[in-house]
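By convention here, the first residue in the shown sequence is residue 1. Since the structure is predicted, the reported quantities are computational estimates derived from the model, not experimental observations.
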Amino acid sequence: MSKPDALLVDVATLVESGHSNQMPLTVVAGGVVITGRLAPEAVWRQRVSEVLADSAHLSGFSAMFTTAAPDDGPPTHLHFHVARILQGTVGIPETGGMYRVAIDDVSAWTMGDFSYSDH
């Protein structure tokens with residue numbers, strides 16, 4: 001088990017306490033680059049729940065995201081919204097996605113989100 005980056009945990013803690021969804025961050029996790037904005041877990045869960053509820057095939061999963069996250073210590077995950085996985089010069093998906101990344105899995109990170117081109 002790796003030791004999480006204390007500075008990254010502090011960033012996640014500030015996002016959680018401020019209920020802001022505007023913190024741009026780029027991470028490398030499992031060799032994949034993910035760039036986007038961090039959101040508090042409660043905001044992230046609510047948005048995922050709404051997206052699932054709007055789906056005819058996935059609405060049954062919506063309720064599992066409405067339960068409150070346990071508040072027992074520092075954050076263990078980063079919650080991205082309008083995020084993209086960078087593949088060459090393309091961001092996937094084009095519209096941005098909702099990603100949950102374990103802080104323990106982050107091998108590198110930087111403040112800010114990367115621009116990309118679809119051409």
Side chains of [X] and [Y], heavy atoms from C-beta outward: is any pair under 4.5 Å?
X	Y	answer
V27	F80	yes
M98	H79	no
D5	I103	no
I34	L78	no

Shortest non-hydrogen contact from [X] to [Y]?
X	Y	answer
A29	V101	CB-CG1, 3.9 Å
E16	P75	CG-CG, 4.0 Å
V15	A39	CG1-C, 3.7 Å

Only one of V28, L7, T26 passes side-chain contact (heavy atoms from CB on, under 4.5 Å) with W109; say which it is.
->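 When side-chain contact (heavy atoms from CB on, under 4.5 Å) is applied between W109 and each of V28, L7, T26, only L7 qualifies.
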Under 3.5 Å, sequence neighbours excluded: what are the donor-acceptor pairs made by side chains of residues 47-54?
residue	atom	partner	partner atom	Å
S49	OG	S62	O	3.2
S49	OG	S62	OG	2.8
E50	OE2	Q46	NE2	3.2

Listed partners of R45 passing salt bridge (charged side-chain N to carboxylate O under 4.0 Å, His left out), at least two apart |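 Residues passing salt bridge (charged side-chain N to carboxylate O under 4.0 Å, His left out) with R45: E41.
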Please confirm whether the backbone N or O of H81 pairs with a side-chain atom of R37, one donor and one acceptor, at under 3.5 Å?
->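 No, R37 side chain to H81 backbone: no donor-acceptor pair under 3.5 Å.
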Main-chain N/O of R84 paired to T35 side chain as donor or acceptor, under 3.5 Å =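 No.
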Indicate if [X] and [Y] have the same hydrophobic cluster label, given that clusters are the connected sets of ILVMFWY residues with side-chain heavy-atom separations under 4.5 angstrom.
X	Y	result
Y99	L38	yes
V32	L8	yes
M23	W44	no
V43	F65	no

Any chance you could measure L25, atom CG, to T110, atom OG1, to the nearest 0.5 Å?
->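 Rounded to the nearest 0.5 Å, the CG-OG1 separation comes out at 8.0 Å.
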